Amino acid sequence: MTFNEIWEEIVRCTGNVITTKENTKFTYVVNENSIFIPKANWKITKSELEGAVKMLQNPSFAKNAAIGSSYVYAVIFNALAEIQ
């Protein structure tokens, strides 16, 4: 699976309620080449998301990301789950 496929799913899921592993619920909005998470008042670019996806290729990092409460990884894991 390519990052563009993941990005397309992230775009498709805009406005959906996502839940972190810590049970924090949030939504995000896609603005051109970035996402904005209103609850966190935080923006992350498409290229930063791509870097986060690349970091998940390291198994020990991926395990820690999966148990953390990061909004970024919750968005990525949600997109991956929707693709499968």
Side-chain angles (χ1 to χ4, degrees):
M1 159 182 343
T2 68
F3 176 73
N4 284 334
E5 291 171 309
I6 296 169
W7 177 254
E8 287 174 13
E9 193 60 32
I10 289 171
V11 171
R12 193 185 72 72
C13 291
T14 298
N16 290 359
V17 176
I18 308 294
T19 305
T20 66
K21 292 292 182 183
E22 301 288 323
N23 280 333
T24 301
K25 294 185 184 315
F26 68 98
T27 62
Y28 64 89
V29 180
V30 176
N31 295 317
E32 294 182 23
N33 286 323
S34 65
I35 66 169
F36 177 70
I37 301 169
K39 183 171 190 147
N41 193 28
W42 190 56
K43 180 176 106 173
I44 184 167
T45 67
K46 182 178 178 181
S47 63
E48 290 170 325
L49 279 166
E50 186 172 16
V53 169
K54 286 180 183 174
M55 292 175 73
L56 290 174
Q57 293 173 354
N58 175 328
S60 63
F61 183 86
K63 180 180 177 186
N64 289 332
I67 60 173
S69 61
S70 168
Y71 292 109
V72 173
Y73 291 105
V75 170
I76 293 169
F77 291 137
N78 179 74
L80 291 170
E82 292 291 326
I83 290 171
Q84 298 173 1

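Every heavy atom of this structure was used, including side-chain atoms; hydrogens, water molecules and symmetry mates were not. Model, not experiment: these values are computed from the prediction.
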Worksheet item: Which distance, rounded to the nearest 0.5 Å, do you find between the OG1 of Thr24 and the CD1 of Ile18?
Response: 12.5 Å
Discussion item. Strictly by side-chain hydrogen bond (donor to acceptor under 3.5 Å, both in side chains), give each pair with a member in residues 30-40 just once, sequence neighbours left out.
Written reply: none
Discussion item. Just verifying a value: how many Å separate Glu8 CD and Phe3 CZ, rounded to the nearest 0.5 Å?
Written reply: 10.5 Å
Fill in: side-chain contact (heavy atoms from CB on, under 4.5 Å) assessment of Thr2 paired with Glu5
CA-CA 5 Å; Thr2 68; Glu5 291 171 309; 3.4 Å; yes
Worksheet entry | Cluster link Val29 to Val11, ILVMFWY, side chain under 4.5 Å | no
Worksheet item: Distance from Ile76 atom CD1 to Leu56 atom CG, nearest 0.5 Å?
Response: 5.5 Å
Fill in: Result of checking Ile44, Asn16, Ile35 against Tyr28 for side chain to side chain contact (heavy atoms under 4.5 Å, CB included)
Ile35
Worksheet item: Any side-chain heavy atom of Lys46 within less than 4.5 Å of one from Glu50?
Response: no
Discussion item. A side-chain contact here means heavy atoms from C-beta on lying under 4.5 Å apart; do Thr20 and Tyr73 qualify?
Written reply: no
Practice prompt. Considering non-hydrogen atoms only, spot the tightest contact between Ile6 and Ala79 and give its length.
Written response: O-CB, 4.0 Å
Discussion item. Would you say that Phe36 contacts Thr14 through its side chain, given a criterion of any heavy-atom pair below 4.5 Å between the two side chains?
Written reply: no
Discussion item. Taking the side chain as everything from C-beta on, heavy atoms only, tell me whether Phe26 gets closer than 4.5 Å to Val17.
Written reply: no
